[in-house]
Amino acid sequence: MNPSKAKQNESLDFIRKIITEDVKNNKYNRQIMTRFPPEPNGYLHIGHAKSIYLNFGVAEEFNGICNLRYDDTDPEKESMEYVESIQEDVRWLGFDWEDRLYFASDYFEQLYKFAVELIKAGKAYICDLSVEEIKEQRGTSDKPGIESPFRNRSVEENLDLFERMRKGEFKDGSRVLRAKIDMSSPNMLIRDPIMYRIKRVPHYRTGDEWVIYPSYDYTHGQSDAIEGITHSLCSLEFETHRPLYNWYRDQLLSLNMLKYCPEQIEFSRLNLTYTVMSKRRLLELVKKRIVSGWDDPRMPTLSGLRRRGFPPAAIRSFLDKVGISKRENYIDLSLLESCVREELDKKCNRVMAVLRPLKVIIQNYPEGKIEELEAPNHPKDSSMGSRKIPFSRTLYIEQDDFLEDPPRKFYRLSPGREVRLRYAYYIKCVGLVKDETGEIKEVHVTYDPETKGGFAPDGRKVKATLHWVAADQAVRAEARLYDRLFLKENPLEDADFLKTINPQSLDVVTCLGEPSLAGASPGSRYQFERLGYFCVDSVDSSPENLVFNRTITLRDTWSRIKKS
RNA sequence: AGCCCCGUGGUGUAGCGGUUAUCACUUCGGACUCUGAAUCCGAUAACCCCAGUUCGAUUCUGGGCGGGGCUGCCA
């Protein structure tokens, strides 16, 4: 095991334990090989990230390699768009398949040859039954199936028919190639499963070269074997498929058609609270325009999370904490959020911006005067440098930071009270201006020139420090305030999951930011002090129209106190 | 219904014959603070049930019960 990665003091999950044993026993007599096998029929989401991280992670830890292989055996749903987005996402997560980019469709010819051998060995036959008949004759879980009348066709006839299937002599759905296993098996998958079906659908890679396509069960295991995969890691729903995986493999092994003997191991997939994960439902959100696309920042897709501003390192550390097991699980979204905050706290420059501006006029500050005040970019990491922020007579603070009639625990600005403006001065509220509806338009304050930089020479303390921006120098930008997409922990417990959509999952405001924000480049991340982490949108932001996505708020203890 | 899998605090996750049952997140306190952030400290809280094996079972065996998956010419 790679000593730098070996988690010697940590406990290993059951898959790593198995592999550790296999390595110790030199079971494979060669390097460990895994693969990430997406079907290019949708965008990757954080559930896939678990599989990517496991497969690539395990390979790295055991000095092995991990392939990227597309399981593209159903041309009706697959496309190049998905192939490309998947590669971008895997790279973004931090993994590299080097030159090992494979497609099951590249194995079609090989798979066909294997099938011919199985026919010759009397292990597969052409069945002329219709879809309905096959279904009927398969029986039920408590009743054995009926053997197909075509089950005992001669090898010659099967060979001839299979070849003609390939040549396109038969109608779609008129015949299939089935494995001859056991029609009375309690495992329904073993009752002579379909290996090939006729489908006159052009494939996004092989075009119209093929009119017959191999099924998943037949394809996947053989692709593993062809590539030399040692450990074929997949999710729990394939557990009942394992006997079939092994059957194809063992038949071909005994016919000397295979060199390698991969093994399938299943683990439980990731579920997240307040999130739906199935491709079908995500597609529905996109199609019904509930979100702006697969990469909408509220989506659990990797492209959505990326656009939202989640760092890949945060996703990896989240996955570390989630672990690998066979239990059904439902992870708290707050765990992911905590990993995101942890990562962003270390890496982001602090900056000041006001989301809901309230005008402040400093009565004793000279009109027209502008001071440049120094502010560190990170309170705990001086290596991240500092910048200058302009200060002037007219400023904006956050509406939430002023209350005319404050409750007992509120210690921000209110009439007569003194607070600090971050990295600037102490100010004291001396009056306010309201409009005819009674809404506060301006807060009038005085400042103490002695407190420049934010310290009082006489040592007097204030209870609060507020963020602010100078009115005339502020940069206007659009801020998209995102929140969780669903209101229920489990959106699916409602019959219609769309009914649990959070109507306030997106709030768009015009914010005012300090001048250093001008020209912020797409994808760059900041902490807006006291508010949260924001990321320049990679799609809609431009130098003229800055757009910030709120990745996540800061933990907000005050909002809890307020509620209670 | 059949087959397969799983069952440790609220959520994940370690431990696999003898432990004050681990760690993280959450929740609730407190300390500190030029972000009511971060950080630090503390608290609450768990072995599905019943038998059996054993001096001793969370750990082993059997049976229940509970949960999930599969039963597609999807993957």
Side-chain angles (χ1 to χ4, degrees), chain A residues 10-13 37-39 41 71-74 76-78 104 127 129-131 134-135 138-143 172-178 185-191 193-199 212-213 215-217 219-220 234-243 266 268 273 279 318 320-339 341-342 345-346 350 352 375-376 379-380 409-412 419-424 426 451 453-455 461-467 489 527-532 553-562:
Chain A
E10 282 173 54
S11 55
L12 300 173
D13 58 66
E39 185 190 10
N41 68 344
D71 244 334
D72 53 356
T73 55
D74 184 4
E76 282 172 81
K77 300 178 190 159
E78 298 155 5
C127 182
L129 259 23
S130 68
V131 183
I134 287 182
K135 189 176 175 162
R138 188 150 29 219
T140 57
S141 46
D142 41 356
K143 246 183 285 161
D172 282 20
S174 61
R175 280 176 234 260
V176 289
L177 179 69
R178 297 176 74 178
S185 168
N187 181 346
M188 301 290 284
L189 291 162
I190 296 298
R191 323 249 265 220
I194 276 76
M195 292 174 64
Y196 273 90
R197 67 272 205 196
I198 306 173
K199 241 185 212 198
I212 58 171
Y213 291 98
S215 63
Y216 166 83
D217 283 304
T219 308
H220 192 87
C234 63
S235 44
L236 249 28
E237 68 269 29
F238 295 104
E239 217 153 18
T240 36
H241 294 238
R242 186 164 9 112
E266 312 83 14
S268 54
T273 56
K279 281 186 196 170
F318 166 70
D320 269 331
K321 288 170 177 149
V322 165
I324 299 291
S325 74
K326 298 189 76 151
R327 298 183 205 158
E328 214 54 48
N329 60 75
Y330 214 20
I331 314 288
D332 274 337
L333 220 212
S334 60
L335 179 62
L336 210 209
E337 293 176 337
S338 125
C339 292
R341 288 194 183 102
E342 183 181 36
D345 176 56
K346 292 190 285 208
R350 310 292 129 123
M352 289 199 282
K380 277 185 270 186
K409 290 211 171 156
F410 182 91
Y411 47 81
R412 276 111 97 141
V419 298
R420 170 168 43 230
L421 292 178
R422 190 141 165 93
Y423 302 128
Y426 281 17
T451 59
F455 296 98
K461 300 277 186 199
V462 286
K463 286 283 272 181
T465 299
L466 271 35
H467 61 278
E489 279 207 356
Q527 185 200 94
F528 286 6
E529 295 220 35
R530 304 209 307 135
L531 297 172
T553 61
L554 251 32
R555 186 174 274 108
D556 188 358
T557 309
W558 165 240
S559 72
R560 290 158 201 243
I561 299 171
K562 210 161 55 173

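This one's a predicted model, so the numbers in the text were calculated from it and none came from an experiment. Labels below follow one simple rule: chain letters A, B, ... track the order of the sequence lines, proteins then strands, and each chain is numbered from 1.
A:S235 comes within 4.0 angstrom of nothing in the nucleic acid, heavy atoms only. Using a 4.0 Å heavy-atom cutoff across all strands shown, A:I561 reaches at least one base atom of the nucleic acid. Residue A:E342 is out of contact with every strand shown, counting any heavy-atom pair closer than 4.0 Å. A:L554 comes within contact range of at least one nucleobase, with a heavy-atom separation under 4.0 Å. Within 4.0 Å (heavy atoms only), A:G454 reaches at least one base atom of the nucleic acid. Among the protein residues, A:Y330 comes within range of the sugar-phosphate backbone only, with heavy atoms under 4.0 Å from sugar or phosphate atoms but none that close to a base. A:P243 comes within 4.0 angstrom of no nucleic acid atom, judged by non-hydrogen atoms across all strands. A:F528 comes within 4.0 angstrom of nothing in the nucleic acid, heavy atoms only.
A:V322 is listed as a side-chain neighbour of A:L335, based on a closest heavy-atom distance under 4.5 Å. Residues A:Y213 and A:D74 form no side-chain contact, since every pair of their non-hydrogen atoms from C-beta on lies 4.5 Å or further apart. Looking at A:H241 and A:H220, their side chains never come closer than 4.5 Å, going by heavy atoms from C-beta outward. Residues A:K562 and A:F410 form no side-chain contact, since every pair of their non-hydrogen atoms from C-beta on lies 4.5 Å or further apart. Proximity of A:S174 to A:I198: side-chain heavy atoms (C-beta onward) are separated by under 4.5 Å at one or more points.
Distance check: A:R197 CZ to A:L177 CG gives 12.0 Å after rounding to the nearest 0.5 Å. Interatomic distance, A:R341 CZ to A:R555 CZ, rounded to the nearest 0.5 Å: 5.5 Å. Put simply, CG on A:N41 and CD on A:E78 are 6.5 Å apart, with the number rounded to the nearest 0.5 Å.
Between A:E328 atom CD and B:G67 atom P there is a gap of 13 Å when expressed in whole angstrom units. The CZ atom of A:R420 sits 11 Å away from the P atom of B:U33 (whole-angstrom rounding). Atom pair A:Y213:OH and B:A75:C1' shows a separation of 16 Å (rounding to whole Å applied). Atom P of nucleotide B:G7 and atom NZ of A:K326 are separated by 10 Å, given to the nearest angstrom. Atom pair A:R350:CZ and B:U33:P shows a separation of 19 Å (rounding to whole Å applied). Whole-Å rounding puts the A:N329 CG to B:G69 C1' distance at 14 Å. Between the NE2 atom of A:H467 and the P atom of B:U35 there is a distance of 13 Å, given to the nearest Å. Atom pair A:R530:CZ and B:A37:C1' shows a separation of 10 Å (rounding to whole Å applied).
Side-chain atoms of A:R530 do not come within 3.5 Å of backbone N or O of A:M352 as any donor-acceptor pair. A donor-acceptor pair under 3.5 Å links the side-chain atoms of A:N329 to the main chain of A:R327, judged by distance alone. The closest donor-acceptor contact from the side chain of A:T451 to the backbone of A:Y426 lies under 3.5 Å.
Distance check on atom P: B:A24 versus B:U61 gives 32 Å, rounded to whole Å. The gap from the C1' atom of B:C73 to that of B:G68 amounts to 27 Å, rounded to the nearest Å. Nucleotides B:C47 and B:G7 are separated by 10 Å at their C1' atoms, to the nearest Å. With P as the reference atom, B:C48 and B:G15 are 16 Å apart, rounded to whole Å. When the C1' atom is compared between B:G64 and B:G29, the two are found 43 Å apart, to the nearest whole Å. For the C1' atoms, the distance linking B:U8 with B:U19 amounts to 14 Å, nearest Å. Taking atom P on both nucleotides, B:A46 is separated from B:A38 by 28 Å, rounded to a whole Å. B:C49 and B:U59 are spaced 10 Å apart, taking the P atom of each and rounding to whole Å.
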Next item on the list: Run the numbers on A:Y216 and A:E39 for side-chain contact (heavy atoms from CB on, under 4.5 Å), then give the verdict.
Entry: CA-CA 10 Å; A:Y216 166 83; A:E39 185 190 10; over 6 Å; no
Identify each atom pair where a protein N or O and an N or O of nucleotides 71-74 of chain B are less than 3.5 Å apart, giving names and distance.
| from | atom 1 | to | atom 2 | distance (Å) |
| --- | --- | --- | --- | --- |
| B:C73 | OP2 | A:R138 | NH1 | 3.3 |
| B:C73 | OP2 | A:R138 | NH2 | 2.7 |
| B:C73 | N4 | A:L129 | O | 3.3 |
| B:C73 | N4 | A:V131 | N | 3.2 |
| B:C73 | N4 | A:G173 | O | 2.9 |
| B:C74 | OP2 | A:R197 | NE | 2.8 |
| B:C74 | OP2 | A:R197 | NH2 | 2.6 |
| B:C74 | OP2 | A:K199 | NZ | 3.3 |
| B:C74 | O3' | A:R197 | NH2 | 3.4 |
| B:C74 | O2' | A:D74 | OD2 | 2.9 |
| B:C74 | O2' | A:K77 | NZ | 3.0 |

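The base of B:G36 sits with one of its N or O atoms less than 3.5 Å from a complementary donor or acceptor on the side chain of A:Y411. Contact of A:R327 with B:U13 (side chain to base): no donor-acceptor pair of N or O atoms is detected under 3.5 Å.
Out of B:C6, B:G12, B:G36, the shortest distance to the side chain of A:W558 is found at B:G36. For A:S11, the listed nucleotide lying nearest its side chain is B:G15; candidates were B:U35, B:G15, B:C4.
Counting only Watson-Crick or G-U wobble pairs whose defining distances are both under 3.5 Å, the stems of 3 or more consecutive pairs in RNA chain B are B:1-7 with B:65-71, B:10-12 with B:23-25, B:27-31 with B:39-43, B:48-52 with B:60-64.
Nearer to the 5' terminus of RNA chain B, by closest-nucleotide assignment, is the contact made by A:D142 (compared with the other of A:D142 and A:E239).
Heavy atoms from other residues, nucleotides or ligands lying under 6.0 Å from NZ of A:K143 number 12 at most.
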Next item on the list: Take nucleotides 19-31 of chain B nucleotide by nucleotide from the 5' end and write B, S or -, depending on whether a protein heavy atom sits under 4.0 Å from the base, only from the sugar-phosphate, or from neither.
Entry: -----SSSSS---
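By the 4.0 Å N-to-carboxylate-O rule, A:R350 lies close enough to A:D345 to be salt-bridged with it.
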